[in-house]
Amino acid sequence: CLMSCMLVSQDQSIHLYVQDTEQNPIKQVEKAVPFVLQVVVENIDGAQFPEKIAGFENFHVTRYGSSQATQFINGKKNQKFMFNYVLRAEQTGTFVVGPLQLTDQQGTVVTSNTVNIRIGDETITHHVKKQPYFLQVSMNQKTVYIGQSLLASVRFYYQQDFENLK
């Protein structure tokens, strides 16, 4: 038997999270202001970027990158995929995003939570920037030493379409 026979996978799950562009959890956002929907898929082998999630029809949606992490601890495999989308609504109201359903390689269907997002004329959070676009740089470490590996993420957010950008 190969070593992979001894590996036990953890519980499968899918979670949807709504965040402002500074990665703060939110429940309400101002109309036409971009925000991030993060999909976290755990222990579903071969998970692919979901093309469509229920509720996307109410937003302008842009795929915004993905990441993957795999851990083996005491013979147990834990695999996490994170898929990000930038959403922007042009109408006010309360919208539901989700659920997302994925099928694993054994045919088991795993269903995510749903999230309610209130889109208003004014936002109740002070975290959302009002510029038409901005650049955010974040790093995975607060303090580093010389020679240490560092992961930096650069994100460009916008409220306007740049079809004629030259």
Taking only residues two or more places apart in sequence or in another chain, which ones pass side chain to side chain donor-acceptor pair (under 3.5 Å) with [X]?
{"X": "Gln101", "answer": "Thr111"}
{"X": "Asn116", "answer": "none"}
{"X": "Ser66", "answer": "none"}
{"X": "Gln38", "answer": "Asn84"}

Q: May I have all residue pairs that pass salt bridge (Lys or Arg N to Asp or Glu O under 4.0 Å) and include part of residues 58-70, sequence neighbours excluded?
A: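 Pairs touching residues 58-70 that pass the test: Glu51-Arg63.
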
(Q) Quick test of your reading: applying salt bridge (Lys or Arg N to Asp or Glu O under 4.0 Å), list the pairs with at least one residue in residues 144-153, sequence neighbours left out, ordered by first then second residue. (A)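 Qualifying pairs: none.
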
Q. What distance separates Gln106 CD from Gln12 CD, expressed to the nearest 0.5 Å?
A.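 Reported value, rounded in 0.5 Å steps: 7.0 Å.
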
**Q.** Under the ring pair (Phe, Tyr, Trp, His ring centres under 6.0 Å) test, residues paired with Phe83 that sit two or more places apart
**A.**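 Expected list: Phe49.
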
Q | Partners passing ring pair (Phe, Tyr, Trp, His ring centres under 6.0 Å) against Phe56 (at least two apart in sequence or in another chain) | A |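 Result, ring pair (Phe, Tyr, Trp, His ring centres under 6.0 Å) vs Phe56: Tyr85.
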
(Q) Whether the Asn58 and Gln91 side chains hold a donor-acceptor pair (N or O, under 3.5 Å, no angle test) is what I'd like checked. (A)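 Side chains of Asn58 and Gln91: no pair found under 3.5 Å.
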
Q. In the hydrophobic clustering that connects Ile, Leu, Val, Met, Phe, Trp and Tyr at side-chain heavy-atom distances below 4.5 Å, which members other than Val40 occupy its cluster, ordered by chain and number?
A.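 Hydrophobic cluster check, Val40: joined to Tyr17, Met82.
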
Could I get the full list of side chain to side chain contact (heavy atoms under 4.5 Å, CB included) partners for [X], not counting sequence neighbours?
{"X": "Gln71", "value": "Ile73, Asn78"}
{"X": "Thr70", "value": "Gln68, Phe72, Lys77, Gln79"}
{"X": "Glu57", "value": "Lys52"}

Q.
Keeping Ser112 on the side-chain end and Ile14 on the backbone end, is there a donor-acceptor pair under 3.5 Å?
A.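 Checking the backbone N and O of Ile14 against the side chain of Ser112, no donor-acceptor pair under 3.5 Å is found.
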
